[in-house]
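Residues: numbered from 1 along the sequence shown.
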Amino acid sequence: MSEHYNQNYTKEECDVILQKIKSCVNHNKFTIEQNRNRCENIKFIQDYNLNNSKQKEILLSIETTDFCHSLKNTNIGYEYEVLYVFCPRRTVFDAFGEEEYVDIYIKFNIIEYVENNLIVTISFHKRNKPIDYVFR
């Protein structure tokens, strides 16, 4: 586990974070990054034909027990941001309709405005590195 990862959270604190995330998802105030730096996200979405409805379903199914850690954003100018990582295990279907049970690595940035929040999902792909869960 990296020294930059923070797992010092109570279940109650994670519940509050997840409540913010799910509220934004329910109100369609979220995006999943699909730019040239997020090829893994694009590939995952395409390989499993995850339309917006399926993406939303996965995000809303995340549980507190899926929480792994938080970390500081390392991008210049955004060091004040905290990113939250969850890794739920879900069933998805490939292009041939074959069922697959996968760990989905999801990293969120909660951008807080005066009245509303916006969730930017930075990572949304198959897990590609070891993770540790806080509450499992």
Side-chain angles (χ1 to χ4, degrees):
M1 176 73 45
S2 169
E3 65 188 62
H4 303 289
Y5 294 173
N6 180 5
Q7 290 190 312
N8 190 24
Y9 286 88
T10 65
K11 270 194 157 186
E12 292 74 23
E13 289 169 323
C14 284
D15 287 342
V16 169
I17 293 164
L18 199 51
Q19 184 179 14
K20 280 184 186 181
I21 290 169
K22 288 184 177 187
S23 175
C24 289
V25 172
N26 273 321
H27 291 94
N28 294 313
K29 293 182 180 183
F30 75 98
T31 60
I32 295 178
E33 291 295 327
Q34 295 183 52
N35 58 47
R36 70 174 189 258
N37 297 324
R38 299 291 167 200
C39 294
E40 282 184 286
N41 294 355
I42 294 168
K43 181 173 175 19
F44 181 68
I45 289 167
Q46 290 175 346
D47 286 353
Y48 295 99
N49 194 28
L50 299 174
N51 61 26
N52 189 268
S53 176
K54 290 177 184 174
Q55 294 168 25
K56 191 172 178 177
E57 183 181 313
I58 290 169
L59 296 175
L60 289 173
S61 74
I62 295 172
E63 300 173 3
T64 302
T65 54
D66 297 322
F67 180 71
C68 301
H69 59 266
S70 70
L71 66 153
K72 292 282 187 181
N73 193 334
T74 56
N75 292 324
I76 296 172
Y78 298 95
E79 300 86 13
Y80 60 91
E81 294 179 345
V82 177
L83 309 175
Y84 301 96
V85 175
F86 292 81
C87 193
R89 301 187 92 193
R90 299 293 179 266
T91 300
V92 292
F93 295 88
D94 67 16
F96 303 104
E98 296 292 321
E99 183 177 283
E100 192 175 337
Y101 195 57
V102 298
D103 293 336
I104 306 171
Y105 182 88
I106 304 174
K107 182 170 27 177
F108 293 103
N109 182 1
I110 301 173
I111 300 173
E112 298 194 30
Y113 296 105
V114 176
E115 295 180 26
N116 299 312
N117 293 318
L118 171 69
I119 300 296
V120 177
T121 309
I122 298 166
S123 297
F124 185 79
H125 54 75
K126 272 186 167 180
R127 181 178 55 82
N128 58 5
K129 55 185 157 188
I131 50 95
D132 290 317
Y133 294 96
V134 176
F135 304 111
R136 289 190 187 176

*Asks:* Out of Asn109, Val120, Ile42, Thr121, which one pairs with Glu33 under the side chain to side chain contact (heavy atoms under 4.5 Å, CB included) rule?
*Replies:* Val120
*Asks:* Going by atom types only, do Lys56 and Asn26 share a side-chain donor-acceptor pair under 3.5 Å?
*Replies:* no
*Asks:* From Ile119 CD1 over to Asn28 CG, what is the distance, rounded to the nearest 0.5 angstrom?
*Replies:* 12.5 Å
*Asks:* Sequence neighbours left out, what passes side chain to side chain contact (heavy atoms under 4.5 Å, CB included) with Tyr101? Give chain and number order.
*Replies:* Arg89, Thr91
*Asks:* Under the rule for side chain to side chain contact (heavy atoms under 4.5 Å, CB included), what residues qualify as partners of Glu12, not counting sequence neighbours?
*Replies:* Thr10
*Asks:* Identify, with sequence neighbours excluded, every residue that meets side chain to side chain donor-acceptor pair (under 3.5 Å) alongside Ser70.
*Replies:* Tyr9
*Asks:* Would you indicate whether the side-chain heavy atoms of Lys107 and Leu71 approach each other to under 4.5 Å?
*Replies:* yes
*Asks:* What pairs with Glu57 under salt bridge (Lys or Arg N to Asp or Glu O under 4.0 Å), at least two apart in sequence or on another chain?
*Replies:* none
*Asks:* The criterion is salt bridge (Lys or Arg N to Asp or Glu O under 4.0 Å); which residues satisfy it with Arg136, sequence neighbours excluded?
*Replies:* Asp66
*Asks:* Within the structure provided, determine whether Leu59 and Phe30 are in side-chain contact (heavy-atom separation under 4.5 Å).
*Replies:* yes
*Asks:* Taking Ile32 as the starting point, is it possible to reach Ile17 by hopping between hydrophobic residues whose side chains are less than 4.5 Å apart?
*Replies:* yes
*Asks:* Mind checking what makes side chain to side chain contact (heavy atoms under 4.5 Å, CB included) contact with Thr74, not counting sequence neighbours?
*Replies:* none
*Asks:* Test ring pair (Phe, Tyr, Trp, His ring centres under 6.0 Å) on His125 and Phe44; report intermediate values, then the result.
*Replies:* CA-CA 5 Å; His125 54 75; Phe44 181 68; 7.6 Å; no
*Asks:* Verify the cluster assignment for Tyr48 and Ile45: are they in a single hydrophobic cluster under the rule of side-chain heavy atoms below 4.5 Å apart?
*Replies:* yes
*Asks:* Of all heavy-atom pairs between Leu50 and Phe124, which one has the smallest distance, and what is that distance?
*Replies:* CD1-CE2, 4.0 Å
*Asks:* Report yes or no: do Leu60 and Leu18 belong to one cluster of Ile/Leu/Val/Met/Phe/Trp/Tyr joined by side chain heavy-atom distances under 4.5 Å?
*Replies:* yes
*Asks:* Can you measure from NE2 (His69) to CG (Leu83) and round to the nearest 0.5 angstrom?
*Replies:* 9.0 Å
*Asks:* Please lay out, stage by stage, how Phe108 and Tyr84 fare under the test ring pair (Phe, Tyr, Trp, His ring centres under 6.0 Å).
*Replies:* CA-CA 5 Å; Phe108 293 103; Tyr84 301 96; 8.4 Å; no
*Asks:* Just to verify, what does Lys54 make a side chain to side chain donor-acceptor pair (under 3.5 Å) with, not counting sequence neighbours?
*Replies:* none
*Asks:* Drop me the distance from Ile106's CD1 to Ile104's CD1, to the nearest 0.5 angstrom.
*Replies:* 5.5 Å
*Asks:* Going only through I, L, V, M, F, W and Y residues with side-chain contacts under 4.5 Å, is there a path from Ile21 to Phe67?
*Replies:* yes
*Asks:* How would you list all residue pairs meeting salt bridge (Lys or Arg N to Asp or Glu O under 4.0 Å) that involve residues 41-51, not counting sequence neighbours?
*Replies:* Lys43-Asp47
*Asks:* Got a second to check how far Lys22's NZ is from Ser61's OG, nearest 0.5 Å?
*Replies:* 7.0 Å
*Asks:* If hydrophobic clusters are built by linking Ile, Leu, Val, Met, Phe, Trp and Tyr wherever their side-chain heavy atoms come under 4.5 Å apart, do Val85 and Ile122 end up in the same one?
*Replies:* yes
*Asks:* Taking salt bridge (Lys or Arg N to Asp or Glu O under 4.0 Å) as the definition, give me every residue that meets it alongside Lys126, ordered by chain and number, with sequence neighbours left out.
*Replies:* Glu100
*Asks:* Measuring from atom CZ of Phe86 to atom OG1 of Thr65, what distance do you get when rounded to the nearest 0.5 angstrom?
*Replies:* 10.0 Å
*Asks:* Mind checking what makes side chain to side chain donor-acceptor pair (under 3.5 Å) contact with Asn75, not counting sequence neighbours?
*Replies:* Asn73
*Asks:* Just grab all the salt bridge (Lys or Arg N to Asp or Glu O under 4.0 Å) pairs involving residues 71-84, residues at least two apart or on different chains.
*Replies:* none
*Asks:* Looking at side-chain heavy atoms only, is the closest gap between Gln19 and Ser23 below 4.5 Å?
*Replies:* no
*Asks:* Measure the OH-CD distance between Tyr133 and Gln7 for me, rounded to the nearest 0.5 Å.
*Replies:* 11.5 Å
*Asks:* Considering residues at least two apart in sequence or located in another chain, which fulfil the salt bridge (Lys or Arg N to Asp or Glu O under 4.0 Å) criterion with Lys20?
*Replies:* Glu112
*Asks:* Under the criterion side chain to side chain donor-acceptor pair (under 3.5 Å), I'd like the reasoning laid out for Asn128 against Glu40: C-alpha separation, chi angles, the key distance, then a yes or no.
*Replies:* CA-CA 10 Å; Asn128 58 5; Glu40 282 184 286; 2.8 Å; yes
*Asks:* Grab the two heavy atoms, one from Cys68 and one from Val134, that are nearest each other, plus how far apart they are.
*Replies:* O-CG2, 3.2 Å
